[in-house]
Amino acid sequence: MKVRVKFFAILRERAGTGEVMQELSEGATVNELWQALQKAFPKLNVPGIRMLYAVNQNYVGANDTLHDGDEVVFIPPVSGGCPR
Amino acid sequence: MKVRVKFFAILRERAGTGEVMQELSEGATVNELWQALQKAFPKLNVPGIRMLYAVNQNYVGANDTLHDGDEVVFIPPVSGGCPR
Amino acid sequence: MFRVQNDPIDLNELVRYVTDAEAGAIATFIGTTRNNNEGRNVIALDYEAYPEMAEKELARIGAEAAQKWQIQRMAIVHRLGPVQIGEASVIIAVSSAHREAAFAASRFAIEEIKKTVPIWKKEVFEGGEVWIGTQTGQPLTQR
Amino acid sequence: MFRVQNDPIDLNELVRYVTDAEAGAIATFIGTTRNNNEGRNVIALDYEAYPEMAEKELARIGAEAAQKWQIQRMAIVHRLGPVQIGEASVIIAVSSAHREAAFAASRFAIEEIKKTVPIWKKEVFEGGEVWIGTQTGQPLTQR
């Protein structure tokens, strides 16, 4: 199966692209996708970063399974709004 | 001595005027002025009203003494701002 | 900027006034005429002030807020005369480096205004009018 | 009205949107670019979003606020791209019959935005730039 991964902010800069299609085996989890991406884009590994995960624009857990055609986004700490 | 009394809102309507000069004996207090005014304008007596007192645009106590030329305002409950 | 006026209040004027390079937050509060109050259909609110003292009290509120919180700039403008449904009777704007202070100061200002600033409002409703705050059982002034 | 956009945010548009005959209060919150942060001289903030999900999350915040408090209408608009000193990055506007609800909901909204809405900001400062929230000791991206 294939999923669409979008990168934003620091991850977009580190991946050097905003979007990638990734081939995965059936039943793969969000976490397994992240492992695969780190092999393809070694610079994605930001030490100590806390990440959230969204599938089809909803927050999910790292162990949720993915399905063909899913849109997956790895969400680094958000910082909208205003200065602290 | 003479003091200038200004009426606003419900007191202005009840006095039928916005301003009056009042003759007082030396050393008269805010409260004594109020008694004198109630004789001159019987309708000023609003049952149960909580009132504040200002002399020369500062809040004062009912027993403060007045001086010649003072501007005195009896302040019914304020209600600026917005609806409750 | 601490002022009473008969003209409609210009929100942008206040926000421009408090905009500050050192500020990360601006909180504003707008009091508006609501079409109902305690079961009455409200037509308009009519505000009257002891203007010199009202402006002095508004400035006092600003000074007190600046002592309590780290704010950059503050503005309070209160309108006088009739204020129609949906129109603003008072606008408060506060800027601060951190949002906490702006929220706290604007909240403080509206509560203080209702306590100490010599401004009164007559509610004009379907069937009569009444000076708010002086009701003793029945509305005092019937049309 | 829950939106992200590249254009400057029009405060009046939001206030008009939430103005309501049943409302006695409108609270607004404006987040602005401050010229300093943690000792750095800030030149601008540059916002990026996952736009579809950001708007969905803003609407979720509005729905949650409407469940928690008696509000009339709410609007949140967040700006994307570079936001200069003193300009607004986000504006929240809420109307309610009684002021308590408008204050609480606008406060709630800005706190939630900073937690769950997929919007990121890069701080451009004198000497470099950094994605806020992802710092691990040193700024990650030096010019």
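Residue numbers start from 1 in every chain, and the chains themselves are labelled A, B, ... in the order their sequence lines are given, proteins ahead of strands.
- Looking only at heavy-atom pairs under 4.5 Å with chain D, the residue among Gly81(A), Ala54(A), Pro77(A) that has the most is Gly81(A).
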Chi angles and distances behind the side chain to side chain contact (heavy atoms under 4.5 Å, CB included) call for Asp64(A), Val55(A): CA-CA 9 Å; Asp64(A) 284 23; Val55(A) 173; over 6 Å; no
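- Ranked by heavy-atom pairs under 4.5 Å with chain D, the list Ala9(A), Gly80(A), Pro76(A) is led by Ala9(A).
- When the heavy atoms of residues 52-75 of chain D are compared with those of chain A, the residues falling under 4.5 Å are Glu52(D), Met53(D), Lys56(D), Glu57(D), listed by number.
- Residue Ala109(D) does not touch chain A at all, counting heavy-atom pairs closer than 4.5 Å.
- A salt bridge does not link Arg16(D) to Glu13(D): none of the charged nitrogens lies less than 4.0 Å from a carboxylate oxygen.
- Contact check for Tyr47(D) versus Val90(D): no side-chain heavy atoms found under the 4.5 Å cut-off.
- Electrostatic pairing of Glu48(D) and Lys122(D) does not count as a salt bridge here, judged by no charged N lying under 4.0 Å from a carboxylate O.
- Ser96(D) places a side-chain N or O within 3.5 Å of a backbone atom of Ala102(D) that can act as its donor or acceptor partner.
- For the pair Phe7(A) and Val20(A), the minimum side-chain heavy-atom distance is below 4.5 Å.
- Heavy atoms closer than 4.5 Å to chain D are found nowhere in Arg50(A), neither backbone nor side chain.
- Under the ring-ring contact (aromatic ring centres under 6.0 Å, His included) criterion, Phe103(D) pairs with Phe29(C), not counting sequence neighbours.
- With hydrogens and angles left out, the side-chain atoms of Asp70(A) and Asn56(A) include a donor and acceptor closer than 3.5 Å.
- With a 4.5 angstrom heavy-atom cutoff, Ile113(D) touches chain A via backbone and side-chain atoms both.
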